[in-house]
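Bear in mind the structure is a predicted one, so any value in this text is a computation, not a measurement. Every number for a ligand or one of its atoms is a count from 1 in the order of the listing.
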Amino acid sequence: MQVKAAVFYRPHEPLAVQELELEGPRAGEVLVRIAACGVCHSDLHFIDGLVPIASPSVLGHEAAGVVEAVGAGVASVQPGDHVVLSFIPSCGRCQYCVVGRPNLCTIGNRAMSRGTMLDGTPRFAREGRPVYQMGSIGGFASYTVVPEAGCVKIREDMPLDRAALLGCGVMTGVGAVINTARVQAGSDVAVVGCGGVGLNVVQGAALAGAGRIIAIDVLAHKLELARQFGATHTVDASREDPVEAVRRISPGGVDYAFEVIGRPETVRQAFDMARRGGLTVVVGVPPAGAEVSLPAGAFLTEKTITGSAYGGARMPVDVPRLVELYMSGRLKLDELISRVYPLEGINDAFDALRRGEVARSIVTPL
Ligand code: PAD
Ligand code: ZN
């Protein structure tokens with residue numbers, strides 16, 4: 001079928017909104033009509049040339065929609081079902097899946113980084129040439145085909161535009177707190193970078209019952225939003241040294257520090273904010289080849305640093321939980337959606353994200 005999609009060709013160029021050919025779902029695959037797709041900074045890294053991606057690619061990996069058709073053997077969803085899409089379609093059988101770390105799935109991560117289905121090929125094409133799918137999704141399109149393992153069915157009264165945010169930013173942010181760090185009630189948390197993902201780290205910390213939740217950003221309006229999402233303290237890093245400020249608010253440093261920007265210098269700041277024995281969690285995606293330097297003496301104080309990929313997502317478990325939290329009024333999603341763009345507005349949406357104007361924008365392709 002013919003679909004409309006936003007295609008990345010090369011860095012520092014606007015995405016091209018074009019008609020593409022979409023092949024129907026093969027065995028184990030699902031055709032989805034995209035209701036909404038969030039605009040995440042991970043997509044912007046490709047456009048800004050900081051992280052490489054297969055070209056051409058349909059970007060967009062934070063999406064929800066409605067199942068239109070299923071390929072042979074698909075059992076977990078059927079036409080009409082509402083689904084949130086996962087950008088790491090986990091196989092359920094590799095060593096990572098078996099030990100309960102499906103976000104590290106060998107096959108899913110390979111498909112994600114290639115921008116293909118599990119068989120190594122994408123379903124979009126233009127003039128007979130393959131067009132890849134960011135995160136095995138390619139959500140900036142009116143329709144896409146995804147692996148069955150990349151679909152999580154949700155209840156139908158959950159608004160799909162809100163549900164889209166669960167596909168990356170919310171899962172990543174809340175998951176970094178609950179799955180990766182396992183933040184304990186009453187403990188102190190610092191969050192460096194309060195954009196679409198960082199605000200969800202803040203609200204994850206609030207959900208976990210953290211004590212002090214210190215939000216750090218360089219934009220006053222992000223800090224205001226962070227307060228709405230549960231921050232108890234804010235630090236404007238454009239006005240004062242954020243490490244000193246955090247150590248003043250939480251003497252000795254915080255129990256957990258999250259970096260949610262993707263820069264070596266802010267990773268270092270987060271590490272320096274953590275107390276003796278504290279945990280630093282790097283959520284931000286740094287530029288390809290970047291290195292971080294840490295004070296080696298700090299290891300004697302048993303400080304730990306780890307990454308968090310997709311918030312340690314176990315999508316079939318976590319997505320329905322997040323849906324229930326939203327439906328019962330305990331997870332903020334409405335407040336995350338700053339702007340809604342048509343597919344034709346996609347480049348404006350990325351410009352707004354680059355300028356720090358939005359918490360999250362969503363694109364509604366149809
Ligand atoms: P965003 O642009 O919405 O938020 C970044 C925030 O950082 C903005 O509010 C900025 O103002 C703020 N900021 C910039 N510089 C500084 C600074 N020096 N000190 C304090 N604050 C600053 O991006 P996002 O929330 O969509 O994504 C954040 C990162 O998370 C980005 O690197 C993205 O690629 C990564 C990400 N990781 C995963 C994962 O699985 N680990 C998933 C999704 C996104
Ligand atoms: Zn993302």
>> Closer than 2.8 Å to the Zn ion (ligand 2): does that hold for any N, O or S atom in His41?
In response: no
> Which residue owns the protein heavy atom closest to atom 40 (O) of ligand 1, what's the atom, and how far is it?
Replying inline: Tyr310 N, 2.7 Å
> Does ligand 1 have any atom that is closer than 4.0 Å to a heavy atom of Arg360?
Replying inline: yes
> Hey, is Glu23 close enough to Arg26 for a salt bridge, meaning N to O under 4.0 Å?
Replying inline: yes
> For atom 18 (N) of ligand 1, which candidate among Thr266, Val191, Leu199 provides the closest heavy atom?
Replying inline: Thr266
> Is there at least one pair of N or O atoms, one from His61 and one from ligand 1, spaced under 3.5 Å apart?
Replying inline: no
> What's the shortest distance from atom 10 (C) of ligand 1 to any protein heavy atom, and which residue and atom give it?
Replying inline: Asp217 OD1, 3.5 Å
> Would you call Arg339 and Glu357 a salt bridge, using N to O less than 4.0 angstrom?
Replying inline: yes
> When you measure from atom 27 (O) of ligand 1 to every protein heavy atom, which one gives the shortest distance, and what is it?
Replying inline: His41 CB, 3.4 Å
>> Can you confirm, on distance only, whether ligand 1 has an N/O atom lying under 3.5 Å from any N/O atom belonging to Gln269?
In response: no
> For atom 15 (N) of ligand 1, which protein heavy atom lies nearest, and how many Å away is it?
Replying inline: Arg263 NH1, 3.6 Å
>> Could you measure the distance from the NE2 atom of His61 to the SG atom of Cys40? Nearest 0.5 Å is fine.
In response: 3.5 Å
> Do Tyr132 and Phe124 have ring centroids that are under 6.0 Å from one another?
Replying inline: no
> Out of Asp43, Ile261, Thr172, who gets a non-hydrogen atom closest to atom 20 (C) of ligand 1?
Replying inline: Ile261
> At a non-hydrogen distance cut-off of under 4.0 Å, which region of Glu265 contacts ligand 1 (side chain, backbone, both, or neither)?
Replying inline: neither
> What is the nearest protein non-hydrogen atom to atom 35 (C) of ligand 1, stated with its residue, atom name and distance?
Replying inline: Val285 N, 3.7 Å
> Heavy atom of Gly356 under 4.0 Å from ligand 1?
Replying inline: no
> Looking at ligand 1, does any of its N/O atoms fall within less than 3.5 Å of an N/O of Ala359?
Replying inline: no
>> Restricting to non-hydrogen atoms, name the atom on Leu166 and the atom on Met315 that form the minimum distance, rounded to 0.1 Å.
In response: O-CE, 4.4 Å
> What is the nearest protein non-hydrogen atom to atom 34 (O) of ligand 1, stated with its residue, atom name and distance?
Replying inline: Ser42 OG, 2.8 Å
>> Ala309 versus ligand 1: do any nitrogen or oxygen atoms come within less than 3.5 Å of each other?
In response: no
> Just how far is it from atom OG of Ser308 to atom CZ of Phe258, taken to the nearest 0.5 Å?
Replying inline: 8.0 Å
> Could you go step by step and tell me if Val235 and Glu240 meet the side-chain contact (heavy atoms from CB on, under 4.5 Å) rule?
Replying inline: CA-CA 8 Å; Val235 173; Glu240 58 180 324; 4.0 Å; yes
>> Just to be sure I'm reading this right: ignoring hydrogens, which of Val283, Val260, Val235 gets closest to atom 41 (N) of ligand 1? Compare them by their nearest heavy atoms.
In response: Val283
> Got the closest protein heavy atom to atom 43 (C) of ligand 1, with its distance?
Replying inline: Cys168 SG, 3.2 Å
